[in-house]
Amino acid sequence: MLFWNKVLGAALLLVSVHPAHAASQETAPHLAMTPTEDARGGVYEVTIERSTTSATSDGSSSGSSSSNYALQMTVTPNGPDSTTVTFDLPADRTAKDRARQWQFPATIAYDANGGATLFQPEILDRRLDDWLTLGKWTREMCGRWIFTWNAFYIECDPQSVIENVQPFLLPPADLAEGAMHTDPNALAPAAFVRLPAEDDAIVLEAQFTLDPTKLEAERIEQDKVVAEIMGPPTSPEMAAVRQERNDARNSEEVTGTLRVQYDLTYQPDEWVRTEISTITVRRGDGVIETETAETVTSWTRTGPALQLSTP
């Protein structure tokens, strides 16, 4: 899905383009993190694992893909009005890994109103220059999609890291049964319900119907990215194929659902969020395309809360 690959691809650089809808944190950033209580301060390992499967009703095509991402996140509450969060690659990453990912480490301050301020963006900008040199690119390449053995979005704005790290932020502090949850692609908010679970596990779930208009817009945007990578058609036949694909888009009917689950059993030391989206496309020829994507985000506290700074 385009947004997922552009945002996390910009953050972690090596990501493929999959023509799929993504779960909620992939289609738009989560609400900015608000100050957390002392119990949620500390050092966290955050992992995001994503898998997709797709198939057509006539058996003409099917596929699957998987990807994973990891960051270390240090959360420092600064009193009642702000929280500072430092994002970095996991400790086991090599110097070569770090040279390929110029956005980290990065420190961001979040205020009580959801505002975010990136500390020392000029440092990230210097690392960006080194990264461009490593890739033998100039800043004229910024903002482009290219293809080598995979698809890459060349992000050059240090401020983009604020959006890139949104999926890694801690879950809202007020998660509870009955609490309302919103998703940027949903038609309406939904309330969390507690699911039956063994061993006193605490699992909340909210279910959504996704907005067809937004899903269709995403598919059009995907087509634009593919067209940018492929370049102008080099023959009348290729131009005809592209026009046929564009015409087919106009006759498609796209629907989707999303389930969001939070496992809060071991909070505040561990959270797990599971997001499952199912997108169905009914083509003009009657064939139905179905894709299911599952994204599992895990937060594990590996270090104690840091000393609070003086307000």
Side-chain angles (χ1 to χ4, degrees), residues 1-29 48 50-52 54 61 63-69 71 97 99-104 106 124-125 127-168 184-185 214-235 238-249 252 254 277 279 281 289 291 293 295:
M1 189 281 170
L2 176 63
F3 189 93
W4 171 263
N5 293 309
K6 184 174 180 181
V7 170
L8 289 185
L12 305 182
L13 301 182
L14 305 181
V15 193
S16 62
V17 174
H18 304 296
H21 172 72
S24 62
Q25 92 274 8
E26 303 161 15
T27 52
I48 299 178
R50 174 174 165 79
S51 61
T52 65
S54 61
S61 67
S64 62
S65 64
S66 62
S67 55
N68 61 81
Y69 314 89
L71 286 180
D97 293 332
R100 291 199 298 260
Q101 300 179 7
W102 61 268
Q103 291 92 344
F104 303 106
L124 277 69
D125 202 54
R127 294 203 302 257
L128 168 62
D129 284 333
D130 294 338
W131 178 76
L132 289 171
T133 299
L134 182 66
K136 298 181 180 180
W137 293 323
T138 68
R139 289 194 178 239
E140 292 181 355
M141 293 295 294
C142 294
R144 297 186 184 181
W145 286 91
I146 64 170
F147 190 87
T148 54
W149 72 92
N150 218 328
F152 298 84
Y153 180 76
I154 302 178
E155 177 64 79
C156 298
D157 181 5
Q159 296 296 329
S160 67
V161 73
I162 294 175
E163 182 179 41
N164 296 344
V165 299
Q166 288 285 346
F168 294 86
N185 270 7
K214 293 183 178 180
L215 298 181
E216 291 167 357
E218 289 173 1
R219 291 172 63 80
I220 293 172
E221 193 65 22
Q222 292 164 20
D223 288 345
K224 291 179 180 179
V225 170
V226 173
E228 179 181 340
I229 292 173
M230 294 180 64
T234 56
S235 68
M238 182 179 292
V241 169
R242 290 196 184 180
Q243 185 59 52
E244 181 180 352
R245 181 54 183 157
N246 291 336
D247 293 341
R249 282 281 195 238
E252 292 177 344
V254 186
S277 64
I279 308 302
V281 180
E289 302 174 4
E291 177 176 291
T295 304

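In this structure, the separation between SG on Cys156 and CD on Glu140 is 11.5 Å, given to the nearest 0.5 Å. Between the OH atom of Tyr69 and the CG atom of Asn164 there is a distance of 11.5 Å, given to the nearest 0.5 Å. Here CD1 of Ile162 is found 12.5 Å from CD of Gln103. Values are rounded to the nearest 0.5 Å. One finds the CG atom of Leu215 at 11.5 Å from the CD atom of Glu252 (value rounded to the nearest 0.5 Å).
The side-chain contact (heavy atoms from CB on, under 4.5 Å) test applied to Asp125 returns Leu128, Arg139, Pro158, not counting sequence neighbours. The side-chain contact (heavy atoms from CB on, under 4.5 Å) search around Asp130 returns none, not counting sequence neighbours.
Between Trp102 and Glu155 the shortest heavy-atom distance is CZ2-O, 3.2 Å. Across all non-hydrogen atoms, the minimal contact from Thr52 to Ser65 is OG1-OG, 2.5 Å. Residues Val254 and Ile279 approach most closely at CG1-CG2, 3.9 Å, considering heavy atoms.
Taking the side chain as every heavy atom from C-beta outward, Arg219 and Val281 approach each other to under 4.5 Å.
Partner of Phe104 under the side chain to side chain contact (heavy atoms under 4.5 Å, CB included) criterion, chosen from Asp97, Leu124, Val161: Val161.
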